[in-house]
Amino acid sequence: MGQIKQYDKRVGITYVYDTEYYYDKEKKQSRYRRTLLGKLDPDTGGIVPCGRPGRPRTKKEEEGGDTDYKGLYEDALGRISADEKRIAGLTERVSSLEKAHRADLRQIEGYKKKLCEISKILAGGETGISSAQNSQIAIAMPENPCYNGSTVKNHRRREMAHEEMIEKIKQMKVVPVVVLNTIEETLPKMKALVDGGLPCAEITFRTACAADAIALTVKEFPDMLVGAGTVINREQCEKAIAVGAKFIVSPGFSEEVADCCEEHDMLYLPGIITPTEIMAAVAKGYTTLKFFPASNFGGLETIKALCSVFPFLQIMPTGGISDKNILDYLAYDKIIACGGSWMMKGTPEEIEKMTRTAVNLVNGKK
């Protein structure tokens, strides 16, 4: 039939074959076969002898000899040996990971069983942990940097440094959750809160102007207790701290936000709902937490159930709080304040009026 060319995109080479039809007397049928002549030289257009497509030529073949089957066999054995070594290494690594995973599971179970012992030890320890209690904690928990006695004590010391800020929040009793869609809304609404007797706000990072709004509020109302809410990552946290936020609040628990707050010695109130989330926060040293969204997850009854297991917690519930139920929440001694947005609706005049009503309500004034 003649010569044909075939491009192999795997290696970027065009191979040239001699093809022909022939009659197979044994099988009594016409058959097709092709013989490799070599590869096409792109510069000269000539045919350069080469080995079988898809494999490198052996040294003997490069020197002009016939197909080096022995060399090919030895190369194949070498590749198989290397593959077997890689497989053995991977098998050993998988086995090691499985053992480590089983050990981690056993350790986690140990943490779960022992956490109640910590709860009992820390119960009533809101003003600090005695050396005797600290020793008990170290004995109660498995060896782990998050749970050993000295680390728990250090976390508590760090939280005690923020107790002045927590005390201010307790005195407010209500933390307005503020969403500002434009920077122009900032001063009228913040002034309404201050004039209504509530110099406090959690300005949320739900809108693009949040950082600018915090900076403007801090500048115009320097005595106001201004925090950043809905902070879900380090970038937002860094921005909030840079513009002057005095505390950070998240809808959930974020390790990167917690680390950022720790680096800047900033009060962090992470959001929690479940015992698992509480344990994660406690492991990082946080016992003053936001319960969110409160009304969707059982409200006050759920908070009481959680605090029965974790009696050292202080809670700031948010979500579904209003003038209709806030007194029920504040009556529970584990609750330091409530976050709410019901007073932030309407004009600045209406906000001031509802804020004053809320302040009088939580302070027992008519």
Side-chain angles (χ1 to χ4, degrees), residues 163-207 209-210 212-230 240 243-249 251 267 269 288 290-295 299-300 303 314-366:
E163 283 186 355
E164 182 179 352
M165 186 65 64
I166 294 173
E167 189 58 35
K168 288 181 180 179
I169 294 174
K170 284 183 180 180
Q171 291 172 5
M172 297 292 174
K173 297 182 181 178
V174 183
V175 177
V177 178
V178 182
V179 180
L180 298 168
N181 295 306
T182 65
I183 195 67
E184 289 75 22
E185 299 176 41
T186 306
L187 293 183
K189 289 187 175 182
M190 295 301 101
K191 186 175 185 300
L193 288 174
V194 173
D195 292 345
L198 192 55
C200 177
E202 177 192 323
I203 298 177
T204 64
F205 268 75
R206 300 178 193 177
T207 58
C209 67
D212 292 334
I214 293 172
L216 183 59
T217 303
V218 170
K219 178 183 176 182
E220 297 298 325
F221 302 96
D223 296 328
M224 193 172 184
L225 187 61
V226 182
T230 321
V243 296
K246 297 174 182 175
F247 61 93
I248 303 294
V249 185
L267 174 62
L269 302 174
T288 302
K290 169 182 176 176
F291 183 76
F292 173 82
S295 62
L300 184 58
I303 293 173
Q314 297 184 105
I315 303 293
M316 185 177 78
T318 305
I321 310 294
S322 69
D323 55 350
K324 302 294 191 298
N325 58 14
I326 189 169
L327 292 182
D328 294 332
Y329 280 96
L330 292 175
Y332 185 50
D333 63 351
K334 301 297 182 182
I335 292 177
I336 61 169
C338 293
S341 59
W342 80 90
M343 78 292 292
M344 297 306 301
K345 299 172 182 177
T347 65
E349 292 74 20
E350 290 171 328
I351 292 173
E352 179 182 343
K353 181 179 178 181
M354 287 188 287
T355 299
R356 185 173 291 108
T357 300
V359 170
N360 290 337
L361 176 67
V362 298
N363 287 294
K365 299 178 183 178
K366 294 184 178 180

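All values reported here derive from a predicted model rather than from experimental measurement.
Taking the side chain as every heavy atom from C-beta outward, Val194 and Lys191 never approach each other to under 4.5 Å. Pro176 places a side-chain heavy atom less than 4.5 Å from the side chain of Met343. Side-chain contact between Asp323 and Thr357 is absent, with no heavy-atom pair separated by less than 4.5 Å. Taking the side chain as every heavy atom from C-beta outward, Phe221 and Leu187 approach each other to under 4.5 Å. Using a 4.5 Å cut-off on side-chain heavy atoms (C-beta onward), Ile321 and Met316 make no contact.
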Worked verdict on Val362 versus Met172 for side chain to side chain contact (heavy atoms under 4.5 Å, CB included): CA-CA 9 Å; Val362 298; Met172 297 292 174; over 6 Å; no
Might you work through the side chain to side chain contact (heavy atoms under 4.5 Å, CB included) test for Ile169 and Leu267, ending with a clear yes or no? CA-CA 11 Å; Ile169 294 174; Leu267 174 62; 4.2 Å; yes
Please lay out, stage by stage, how Val359 and Val174 fare under the test side chain to side chain contact (heavy atoms under 4.5 Å, CB included). CA-CA 8 Å; Val359 170; Val174 183; over 6 Å; no
Run Val175 and Val249 through side chain to side chain contact (heavy atoms under 4.5 Å, CB included) and show every step you take. CA-CA 11 Å; Val175 177; Val249 185; over 6 Å; no
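A side-chain donor-acceptor contact under 3.5 Å links Arg356 to the backbone of Asp195. A distance-only check finds a donor-acceptor pair linking the side chain of Asn325 to the backbone of Gly320 [under 3.5 Å].
The pair Glu349-Lys353 fails the salt-bridge criterion, with no side-chain N (NZ, NE, NH1 or NH2) lying under 4.0 Å from an Asp/Glu carboxylate O.
Rounding to the nearest 0.5 angstrom, the gap separating the CD1 atom in Ile336 from the NZ atom in Lys168 is 14.0 Å. A distance of 10.0 Å separates OG in Ser341 from CD in Glu202, rounded to the nearest 0.5 Å.
The shortest heavy-atom contact between Ala358 and Trp342 is CB-CZ2, 3.8 Å. Contact record, Ala294 with Tyr329: CB-OH, 4.0 Å, taken as the closest heavy-atom pair. When all heavy atoms are compared, the tightest approach of Lys246 to Pro222 is NZ-O, 3.1 Å. Nearest heavy atoms, Ala337 versus Pro317: O-CD, 3.2 Å. Residue Ala201 comes nearest to Met190 through the heavy atom pair CB-SD, 4.0 Å, listed as atom of the first residue, atom of the second, then distance. Met354 and Lys345 get closest at one heavy-atom pair: CE-O, 2.7 Å.
Remark: of the listed residues Leu180, Val226, Val178, Val226 is the sole one forming a side chain to side chain contact (heavy atoms under 4.5 Å, CB included) with Ile214.
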